[in-house]
Amino acid sequence: MLALITGTALQSVLPRPNELIYRNTPYGAPSGPLLEVQLGGKSVYCLNRHGIEGQTAAHLVNYRANIWALKELGIQEVIATATVGGINPALARGALVVPDQVIDYTYGRDQTFVGIQRIDHYDFTLPFDTDLRDILVRALPNEFQSDEYRHGCYGVTQGPRFETAAEIKRFNQDGCDLVGMTLMPEASLAREAKIRYAALCLVVNPAAGVEDGEVDIEDTAVVTKKALSALEGVLERAVELLQ
Ligand code: HPA
């Protein structure tokens, strides 16, 4: 069974839910109800990580409760969506990217189930599930079927502020192509919970200092809105391709 963990904007284009499931977990309440929708001819569960009203900022999301609730529901795969800034100048506004690596720059987030469930170390060489990533790559539109969209390293920042130009220069030197605030610890918690996890990213702005001037925050909402149906199309094709 598949779940989508999304941001707020995508909710407006997803099919209306048939069912809303409210869950509690040993870690507290998830961001909101799990919505059951029909997508690509299948039943899929959707969770807005920012809450149904979009009220929870990335650094305040209860990632552990979200992953725990999905696991308890029997979810085996998660496709996460995330809006990002483009560090790689080849990634223009509106680009869809399936990342294959992560660098975690966040701090102070509850980032593990270790200590309650008995797990010690686990492999995280490839932070995204290879098969699920392949499906997302196949589902990308033709215009995004080249290497810069089919791979990429996502740098995760704490937020809620965007970065300084110097920080982005450093992330670039570290090998990051994209920057966002949400995929960690979501991806590593999914790995701990043995849920296959991959992500689809939408570039909504050039990251700080990549272009002259400041980041136009208002424009990110405009870019997001324009790209929503393309994003939804990729998700629908991916669900169809998933066995
Ligand atoms: N930085 C961090 N998070 C983001 C950005 C960005 O430039 N764009 C969208 N989410």
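Just so you know, ligand 1 is whichever comes first in the structure, and atom 1 is the first atom listed for that ligand. Quick note: numbers below take in every heavy atom, side chains included, and nothing from hydrogens, waters or symmetry partners. Quick note: residue numbers are just sequence positions, from 1.
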Query raised in the report: Should you measure from each heavy atom of E163, which atoms of ligand 1 turn up under 4.0 Å away?
Result: 1 (N), 2 (C), 6 (C), 7 (O)

Requested in this report: Taking only heavy atoms of M181 into account, list the atoms of ligand 1 that are under 4.0 Å away from them.
Outcome: 2 (C), 3 (N)

**Report entry** Under 3.5 Å: N/O of T157 near N/O of ligand 1
**Finding:** no

Requested in this report: May I ask you to check if ligand 1 and G85 share an N or O to N or O distance below 3.5 Å?
Outcome: yes

Query raised in the report: Judged by non-hydrogen atoms, does T83 sit under 4.0 Å from ligand 1?
Result: yes

Query raised in the report: At the 4.0 Å heavy-atom cut-off, does V215 count as touching ligand 1?
Result: no

Query raised in the report: Can you name the closest pair of heavy atoms from E163 and T157 and give their distance?
Result: OE2-OG1, 2.9 Å

Query raised in the report: Between F128 and R191, which heavy-atom pair has the shortest distance, and what is it?
Result: N-NH2, 4.0 Å

**Report entry** Residues T6 and N48: side-chain donor-acceptor under 3.5 angstrom
**Finding:** no

**Report entry** Structural part of V204 in contact with ligand 1, heavy atom criterion under 4.0 angstrom
**Finding:** side chain

Report task. Please say whether more than 12 non-hydrogen atoms of neighbouring residues, nucleotides or ligands are located less than 6.0 Å from NZ in K226. Result -> no

Query raised in the report: With side chains defined as the heavy atoms from C-beta onward, is the minimum distance between E211 and P206 less than 4.5 Å?
Result: yes

Query raised in the report: Which residue holds the protein heavy atom closest to atom 8 (N) of ligand 1, what is that atom called, and what is the gap in Å?
Result: N205 OD1, 2.7 Å

Requested in this report: State yes or no: do L2 and L20 share one hydrophobic cluster built from I, L, V, M, F, W and Y residues joined by side-chain heavy-atom distances below 4.5 Å, directly or via other members?
Outcome: no

